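Okay, so here's the structure we're looking at.
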Amino acid sequence: MNRDGVYGYAGKELRINLSNGSIEKRNIDPQLMRKFIGGSGYGAHILFRELSAGLDPMSDDNQLIFATSPLTLNEVPGGGSVMLCFKSPETGIWGEARCGGDFGPNMKRAGYDFIIISGRSERPVYIEVTEKNVVLKDATALVGLDVYAKSNFLVTNVEGGEPKHTSAMVIGPAGENLVKFASVMYGDRAAGRGGCGALMGHKKLSGIVVSGSLKVKMFNPDEFKNISRAVMKKVIASDTKNALREFGTVGDLPANDEDGDFPTMNWRSNSFGKGVEIHDNYYENIYIRSRPCYSGCPISCSREVEVKDGLFKTPLHEGNEYETMGAFTAFVMNDDPALATHCGFLCNKYGIDTISCGALISFAMECYEKGIITKEDTGGIEMDWGSSEAILKGIEMIVHRKYIGDLLAEGVRVAAEKLGRGSEAFAVHVKGMEGPVHDPRSGKMLGITYATGNRGMCHIHPLEGMAFDRGKMTWGMIPYGVRDPEMIDRWDETGKGRDCKILQDGLSAPDILATCKFMMYADVTLDDWAFMLAAMTGWDINGNELYKVCERVYNLQRLFNIREGFGRKDDKLPDRILSIPQFGKYAAHPECVIQNFDLLLDEYYEAREWIKETGYPKKEKLSELGLDEYAETIENDGKQS
Amino acid sequence: MIIIFYANGYMKMYLKENRYSVELKNNSTLSDFFDEIDSTMGQTLSKVVWDHEKRRFRGPVKIKIEGKEVKTENYRLTDGQTIEISRLLIGG
């Protein structure tokens with residue numbers, strides 16, 4: 001127990017204002033912890049309360065929160081994570097990004113559950129956080145260095161830290177250049193989506209290093225040990241754990257391609273037809289071994305990869321997972337996994353989101369094909385589909401904001417708005433976030449997931465709809481009302497709005513707990529999380545109450561977006577997704593396209609108890625969730641009907 | 001001897017029938033079972049799940065015999081055994 005009587009927490013939030021250099025250590029509020037727990041839950045509370053409506057996300061007042069929870073602990077399955085929360089520079093709405101690795105556990109060892117950064121420094125700085133001290137240090141000499149060099153500097157120069165428990169998260173040149181989808185990196189791991197790296201760049205914050213050896217007090221250590229060990233055993237015995245360790249997420253690539261879940265050529269199609277070849281080539285020539293992203297992970301989904309020779313020679317690193325592989329193959333019509341691996345490496349080195357980067361290059365290729373941009377815009381490069389030169393130079397142009405890259409660095413929504421000439425029709429995004437490498441023309445739940453996700457067009461925050469429709473996964477959510485997917489065809493629409501709501505709430509749990517979502521793929525249930533929490537904190541909590549916290553947080557994030565002017569009119573899908581694929585296996589299968597999106601959305605709103613016309617939560621719902629005081633803020637702004 | 005095999009979960013998308021029976025010589029192994037699948041169905045099975053060249057399942061495919069996962073290909077089969085084949089969608 002920390003001195004304020006909250007077991008499981010370090011007990012402190014660290015607030016740093018970079019404008020005036022103030023450093024404040026505040027006690028956490030036990031009641032707020034019970035209500036929002038941590039991660040994206042407490043992050044939503046802070047950002048809703050402390051950011052004003054309409055705030056420019058690239059202004060000094062935007063905040064960047066590094067958030068953990070009582071389950072951020074190496075002994076907890078999936079406990080090696082940290083959640084970053086912010087108003088997204090790319091979308092202007094709710095932003096969150098999870099990062100694997102040991103940063104979260106080491107942040108707690110340094111004595112903090114949350115680090116909340118506001119303001120903007122006049123000169124480049126980095127923050128060193130140890131259990132003894134918090135210091136802002138000059139980072140002028142680090143400017144321009146890549147992610148690996150910066151991370152290495154921060155970790156090896158900590159004063160008074162615990163070498164075994166030291167971790168750094170940094171930005172690369174993309175963040176410094178304010179690329180709106182720049183990442184914050186933990187080595188090769190990324191808090192990737194939404195542009196938290198751009199926000200750090202704006203704040204002139206090069207990185208944060210945390211180090212310590214403190215241990216949190218548990219309410220019932222023996223009970224916690226018993227439960228966490230039992231959950232760990234369950235994960236180890238699960239089918240998914242074995243598959244993830246052996247194949248990583250890239251293992252899905254051939255089937256995704258075959259099943260129409262592989263957006264190709266800027267979403268003109270949902271299948272590339274080269275998935276098997278890419279997969280086999282990758283495993284035979286590039287993949288080295290699996291590895292865990294944090295000490296103690298029972299799954300080890302990460303891939304160590306290397307391209308030993310050839311045009312795209314790439315050093316050994318923790319390399320491409322599925323999304324990166326898809327973004328630099330099917331998106332841009334490249335069938336060489338060595339090139340895709342090299343692109344992933346460059347993105348990590350520069351600190352840029354691989355999904356958005358691949359999406360922007362494919363968008364630029366289509367603009368080039370249609371004559372909307374020319375060689376004059378690209379520095380002489382022919383942006384042809386599949387061209388390795390175009391792909392590699394495209395990354396450089398975006399990261400360094402050269403030529404058309406300066407516009408692409410703003411994200412596809414802004415780029416299309418400025419380019420015009422019909423490019424808006426093939427700018428694939430929801431609420432400003434580019435689509436990932438999963439296509440709703442493989443199963444209908446993914447469509448409603450994309451349209452309603454609080455951070456935009458995201459496949460995993462909080463839900464992978466395709467894993468329900470095709471993978472027949474339930475994540476232990478049938479007791480909460482989800483139907484058995486074995487009984488449902490992937491092309492069915494009726495009922496999926498309701499299923500989606502329940503799954504979104506349930507799968508928000510790892511985001512709130514700042515844990516790895518893959519644990520729920522490996523049989524960890526809401527009850528498992530809740531019982532670990534109970535033993536850790538002494539709370540009387542079970543899966544049902546955790547589910548209610550998830551629903552509360554989902555609605556609060558929705559309120560955050562409503563306050564920014566978003567509602568039903570923005571819960572929509574890009575035209576490409578609502579169109580029959582132009583080529584490939586599914587061009588002859590019109591049933592793959594959502595037939596009645598409005599009906600699906602109505603059903604979803606009804607399940608959420610949101611107003612159908614506006615997409616705003618009903619007052620009674622907010623009351624039930626204990627969110628009255630947040631609703632009042634919206635009402636005062638005139639956004640709530 | 002006769003071996004029954006069927007697809008489970010996600011794997012059902014890739015097999016035409018719910019249930020197959022395969023005739024093998026006595027004392028056949030899992031490896032022989034694979035060879036038989038390849039010779040009878042190898043050309044028609046989706047290459048997403050079947051590697052015709054290697055005559056093995058491709059990707060995250062799990063094989064359970066009488067409810068227990070079997071990875072060793074020299075596992076000796078017995079008459080009437082049931083093999084369950086499932087493919088996992090990993091996510092990510």
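Convention: sequence-line order gives letters A, B, ...; per-chain numbering from 1. Worth saying up front: this structure is predicted, and the values here are computed from it rather than measured.
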Looking only at I460(A), V276(A), L253(A), the option with the highest number of non-hydrogen pairs under 4.5 Å against chain B is V276(A)
Sequence neighbours excluded, which residues qualify as side-chain contact (heavy atoms from CB on, under 4.5 Å) partners of C301(A)?
L244(A), I299(A), F518(A)
N/O donor-acceptor pairs between chain A and chain B, cut-off 3.5 Å:
unit_1	atom_1	unit_2	atom_2	d
D239(A)	OD1	K62(B)	NZ	3.0
G251(A)	O	R87(B)	NH2	3.1
D252(A)	OD1	I90(B)	N	2.9
D252(A)	OD2	I90(B)	N	2.9
D252(A)	OD2	G91(B)	N	2.6
D259(A)	OD1	Y14(B)	OH	2.8
D259(A)	OD2	Y10(B)	OH	2.6
D259(A)	OD2	Y14(B)	OH	2.7
E277(A)	OE2	K47(B)	NZ	3.1
D280(A)	OD1	R58(B)	NE	3.2
D280(A)	OD2	R58(B)	NE	3.1
D280(A)	OD2	R58(B)	NH2	2.4
E284(A)	OE2	K54(B)	NZ	3.4
H438(A)	NE2	G92(B)	O	2.7
E464(A)	OE1	G92(B)	N	3.0
E464(A)	OE2	G92(B)	N	2.7
R470(A)	NH1	Y10(B)	OH	2.6
E486(A)	OE1	K12(B)	NZ	3.4

Between G275(A), A467(A), A255(A), P254(A), which residue shows the highest count of heavy-atom pairs closer than 4.5 Å to chain B?
A255(A)
If you compare all heavy atoms of G251(A) against all heavy atoms of P60(B), which two are closest, and at what distance to 0.1 Å?
O-CD, 3.6 Å
Pick from V49(B), V48(B), L88(B), I90(B) with the largest number of heavy-atom pairs that fall under 4.5 Å of chain A
I90(B)
